[in-house]
Amino acid sequence: MNLDARRYVILAFILMVGVIYASRLFYMQVVDDQWVLRAQEIAEKRWEISPPRGVLFDRTGKKIVSNRTYYNLMMVEDEIEDLDTAKFAKLIGWTREEVRNRFKEIVRGEGTYYNKNTHKRTPNYQKIRAYPFMKELTLEEVARIAPHLDNFKGFHEEITSMRSYPYANGANIVGYLSEVSQEEIDEDRFYKPGNNIGKAGLERFYEKELRGRKGIRYIVTSAMNNAIESYADGKYDTSALQGPPLKLGVDILLQAYGEKLLKGKRGCIVAIEPLTGEILALVSSPSYDPNLMIGKRNISMYYPKLLLDPSTPLLPRPLASEYPPGSTFKLLNSLIALQEGVITPEFGAPCNKSVVGCHNHASAGNLADAIKHSCNPYYYAVMRRIVQQNRKKSVFADAEVGLNRWVDYMKSFGLGRKLETDITGLRPGLIPDVAFYDKWYGHHRWAFSTIRSISIGQGEVMITPLQMANIAAIIANKGWYYTPHFVKSIGSKGPLPEYRRKHFAKIDTKHYDIIIEGMRRVVYEPGGTGRRALLKDIVICGKTGTVQNPHGEDHSTFLAFAPMDKPKIAIAVFIENAKGGGGLWAAPTASLMIEKYLNRKITEKDREKTIIDAVFSYMR
Amino acid sequence: MRKGESLVAHMDWPLFVSYIVMLIIGMATVYSVAYNEDHPNIYEYSEKYGKQLVWLGISLFLGLMVFLIDSDIYRKFSVPIYVFTLFLLVIVLFTPKINGARAWLGIGTMGVQPAEFAKIGTALLLARFISTVNVKQQNIQTVLIANAIILMPMVLILLQPDAGTFVVFTSFLFVMYREGITYDPLILKLINRIPGIRFKETWVGGHFIPILFVVIILSVITLLMSNEKLEFSFLPNVKVPGFYSVVATLFLISLIFLIFLRVVSARRERGRATLVVILGFSMAAGLSSMVNYGFQGLRSHQKDRIELFLGMKEDPNGKDYNRNRAMAAVGSGGFLGKGYREASVSSVRSNHVPESETDFIFCPFAEEWGFAGTFILVALYMFMLVRIIIIAERQRAVFNRVYAYTVAMILFYHFAINIGMNIGFAPVIGIPLPFFSYGGSSMMSFSVMMFILLKLDSQRRDVLQ
């Protein structure tokens with residue numbers, strides 16, 4: 001046995017291990033880059049810094065949506081040392097049971113992770129991470145708790161930012177924020193669980209602008225998730241950028257005034273600046289105080305109540321409620337008839353109550369008076385001329401041609417489709433077309449006499465108050481409009497490009513004058529239906545509407561613009577189930593809004609008092 | 001006067017210098033990994049580097065003491081030293097548990113681990129015993145005594161329990177192999193009971209230890225490859241599934257050996273050598289197939305356990321957490337590393353790699369210095385080990401040689417297992433990296449071990465065969 005040779009066996013063994021290790025190290029450190037990525041995952045964390053959201057100003061520069069600082073009470077389980085639950089519960093004003101349940105809720109809320117390899121479920125909850133134990137505490141609340149937190153290891157406070165609404169108005173315009181849902185997180189990687197997102201109104205529509213840009217810091221972290229230092233001296237960090245401020249066309253004082261006027265009634269007011277298409281006020285009544293919908297605690301307390309309230313305060317009526325337009329629709333039918341050449345301004349028709357009911361007035365000898373009196377039989381005659389133009393032999397085929405032309409005009413007024421207004425929750429309304437009636441009655445089974453109620457804005461026609469206000473703006477502009485919109489400017493940029501494009505109704509400008517004259521007569525001439533809208537120093541042009549509906553009393557509506565020569569405000573008022581027709585409630589309401597906006601003061605104090613004090617039976 | 005001269009003149013400078021270099025790198029690494037901005041001074045005793053510096057000083061002092069003592073004392077007193085270390089291993093079992101093991105004997109705030117010193121005691125006694133045995137006449141008794149010397153501390157260490165040091169004690173098997181203390185007598189006794197068989201010696205018994213290691217390593221490699229999903233391409237477009245590639249590799253190696261033999265070996269030995277290679281290949285392939293077949297036949301949870309142990313599967317929150325983090329730290333070092341004190345994963349502050357100043361100290365070193373650093377470190381260890389074996393082989397006294405081999409093999413084990421667990425080649429069992437890991441016991445025991453070797457070597461000429 002040659003033992004001396006064995007030294008070479010041992011040497012070879014040692015050197016072999018050395019070579020293998022060196023090769024392995026070369027492979028791991030130089031060739032294979034999975035470990036670099038792994039190390040980044042482990043030790044380099046992206047810290048996202050959420051900027052405050054962009055704030056909202058009204059057209060006069062008043063801040064109507066701003067940010068406020070709140071506090072979260074954070075908990076790190078690993079740092080908790082013999083917690084005296086009773087004392088702690090007393091400090092935060094909970095019961096011991098609630099404290100215990102909150103612990104469980106946090107753990108459960110994090111969900112579980114399923115490992116495909118080991119087929120095991122492990123909770124996502126980590127004892128070393130900080131979780132919000134109580135959210136959205138006000139400064140007063142936290143000031144009471146914070147000084148005692150030294151006695152409760154594992155708890156600390158953390159600053160968060162939330163919305164606040166200095167004016168308790170316009171809830172249906174601005175909307176509200178709420179925590180992102182899982183779908184929203186999956187859809188957009190910007191959001192992390194617990195982040196807020198706009199859920200309604202402008203907050204939702206302008207979410208991408210308002211949320212701003214998240215700042216990202218790359219930091220080296222420890223296993224305890226503590227930051228140690230910034231990665232690469234902050235070379236790759238970006239700073240957080242607050243969302244740009246939005247300047248609205250809304251006049252918050254006008255909005256507030258409108259809400260005051262409609263208190264105790266269901267209804268809406270939409271006011272638009274005709275020249276720009278900017279929405280001045282969009283009142284939905286009843287509404288709610290937007291300050292109720294701040295933060296998870298409030299939302300979980302108030303949202304169910306608001307949702308279940310039978311008067312539907314969460315519903316943005318001016319955008320989403322579809323009403324028959326009633327007599328205000330006669331303005332459009334007049335314009336179409338003029339454009340089609342089937343009537344002249346001198347066209348007269350007897351007030352034949354055997355065809356359709358009407359109120360007592362002298363027969364209209366011309367178009368302007370027909371508008372003044374809102375004569376129903378007159379508009380049957382007008383509509384018959386539009387629909388049945390005797391272009392086809394068959395009365396059914398002829399009605400089809402006529403209705404098609406009529407629908408085409410209506411669409412050009414922005415009816416029967418959603419306006420592209422910068423808000424969510426819009427409804428299209430309904431302009432019944434050939435296909436609609438074919439489906440309803442059958443092909444060639446209908447003619448003017450079947451569908452005649454649309455001539456006075458009843459029947460199948462549906463329109464939203466926003467569309468109605470837009471009609472007022474079109475008439476004020478004599479034929480064109482900008483899509484009604486809220487936002488005047490985003491930061492230093494103007495409004496979105498789609499609101500800088502004029503749309504034209506398919507009616508020649510010359511036809512508007514007689515209609516506007518008729519609207520003036522509505523308010524200013526004896527026998528006019530809207531005399532309660534009369535203002536001494538402003539000339540209002542308007543049209544009343546009394547909308548029959550199956551839900552009770554007639555709706556009262558009024559469509560107007562003012563002043564007559566240089567329109568600055570176009571308005572539509574809609575008051576549900578108001579006893580007494582358009583002239584009685586909606587017209588004075590519109591006049592008050594107009595006066596408030598143009599003169600900033602109210603001369604008609606009695607009128608104001610009557611409207612404000614009225615509380616309709618369904619609201620009691 | 002003659003002695004004083006020899007102290008310096010006959011010391012093995014290459015070994016001594018490599019030892020000092022390691023100490024310096026190790027100290028620098030501990031300073032880096034445990035660095036605390038509040039106490040940047042390396043002498044700060046409240047920090048780990050301050051303490052390590054004290055241990056280093058004590059170690060060097062002990063080393064000097066050892067160096068001044070006449071080398072004969074280690075041979076003469078090997079039995080009392082061994083008994084004393086065993087005694088410490090017994091007392092330590094009556095101390096309270098720290099981190100799940102009774103491994104520490106406290107002296108004030110400083111503790112020592114008797115297991116570390118038991119290595120020296122065992123090494124000395126084993127050297128003493130082997131030096132008294134005539135290998136040519138070895139019998140069952142010799143084998144049993146040698147094994148008993150190793151086994152007694154092993155059992156006590158297992159009772160602590162300290163799996164790492166337990167495994168390190170198997171390094172003595174290599175020494176026994178080198179000295180020809182083999183299991184041959186035992187195996188012969190068993191085999192010769194079979195009627196008709198009368199062997200004088202067996203090749204297997206004589207090479208029992210290297211064969212054991214080849215079997216273990218081959219089995220582990222087979223297990224790692226025993227996975228249908230793994231594929232390797234030997235030639236472009238030729239993919240071979242995991243296990244078959246092991247056999248194919250073995251075949252290629254054998255082929256290379258055969259070609260090598262045709263060129264190198266003398267003609268008359270060629271036939272026999274060829275036979276050995278072919279036999280070796282068939283046995284290795286057979287073993288590999290058996291392991292593969294057996295593993296595939298296991299139930300899934302048994303498979304899981306083995307896979308977890310070998311690090312084939314990940315269980316990031318469980319046992320595998322350390323290895324996972326450690327490998328990420330090492331692998332992210334790149335070629336030149338992240339720079340001194342720039343370790344982001346494995347610094348003590350970040351605490352992603354637990355024990356990064358003790359058992360996993362290779363991590364921060366690898367992360368900071370990259371492949372450039374780790375290659376130098378591996379090379380330095382290789383140099384030290386080869387140097388110790390060279391020293392061992394030049395000794396006239398068997399005692400010295402055996403002792404030198406024990407030092408080499410213990411160091412090698414620590415090196416192989418400690419670095420192996422940082423690169424996924426060894427299971428995670430906690431043993432320190434010599435001269436690097438923070439901790440007094442290992443620092444002192446390795447230093448004392450090293451100085452005893454240097455002393456023995458410097459006096460090798462005084463010893464008559």
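Throughout, a chain's letter reflects where its sequence line sits, starting with A, and its residues are numbered from 1. Keep in mind that the numbers below use all heavy atoms, side chains included, and drop hydrogens, waters and symmetry copies. In this text the structure is predicted, and so the values were computed from the model without any measurement.
In summary, of the residues considered (B/Phe371, B/Phe415, B/Phe362), a ring pair (Phe, Tyr, Trp, His ring centres under 6.0 Å) with A/Tyr21 occurs for B/Phe415 alone.
Heavy atoms of B/Ala392 lying under 4.5 Å from chain A are absent altogether. Heavy-atom distances place the side chain of B/Phe375, and not its backbone, under 4.5 Å from chain A. Both the backbone and the side chain of A/Arg7 come within contact range of chain B, judged by heavy atoms closer than 4.5 Å. Heavy atoms closer than 4.5 Å to chain A are found in the side chain of B/Tyr405, but not in its backbone. Contact of B/Ile423 with chain A is made through backbone and side chain together, with heavy-atom distances under 4.5 Å. With a 4.5 Å cut-off on non-hydrogen atoms, B/Met327 touches chain A through its backbone and its side chain both. With a threshold of 4.5 angstrom between heavy atoms, B/Val330 approaches chain A through its backbone and through its side chain. For B/Ile419, the parts lying near chain A are the backbone and the side chain together; criterion is any non-hydrogen pair under 4.5 Å.
Rounded to the nearest 0.5 angstrom, B/Asn422 CG and A/Leu25 CG are separated by 9.0 Å. Separation of atoms CE (B/Met384) and CD1 (A/Ile14) is listed at 12.5 Å; rounding is to 0.5 Å. Put simply, CD on B/Glu393 and OH on A/Tyr8 are 7.5 Å apart, with the number rounded to the nearest 0.5 Å. Considering OG of B/Ser332 and CD of A/Gln34, their distance stands at 11.5 Å, rounded to 0.5 Å.
Here the shortest heavy-atom pairing between B/Ala328 and A/Ala39 reads O-CB, 3.8 Å. Annotation for A/Val36 and B/Gly331: closest pair CG2-O, 4.1 Å, computed over non-hydrogen atoms.
Taking A/Asp33, A/Ile10, A/Val31 one by one and counting their heavy-atom pairs under 4.5 Å with chain B, the maximum is reached by A/Ile10. In terms of heavy-atom pairs under 4.5 angstrom with chain A, the leader among B/Phe425, B/Phe174, B/Tyr177 is B/Tyr177. When each of B/Gly337, B/Gly333, B/Gly370 is scored by its heavy-atom pairs under 4.5 Å with chain A, the top score falls to B/Gly370.
Around CD of A/Glu98, the count of heavy atoms belonging to other residues, nucleotides or ligands within 6.0 Å exceeds 12. The environment of B/Phe257 atom CZ is sparse: at most 12 non-hydrogen atoms of other residues, nucleotides or ligands sit within 6.0 angstrom.
For the pair A/Gln29 (side chain) and B/Leu336 (backbone), a donor-acceptor distance under 3.5 Å is absent.
Using a 4.5 Å heavy-atom cut-off against chain A, the contacting residues of residues 406-414 of chain B are B/Met409, B/Phe412.
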Stepwise ring-ring contact (aromatic ring centres under 6.0 Å, His included) test for A/Phe26 and B/Phe335: CA-CA 8 Å; A/Phe26 181 75; B/Phe335 187 76; 7.3 Å; no
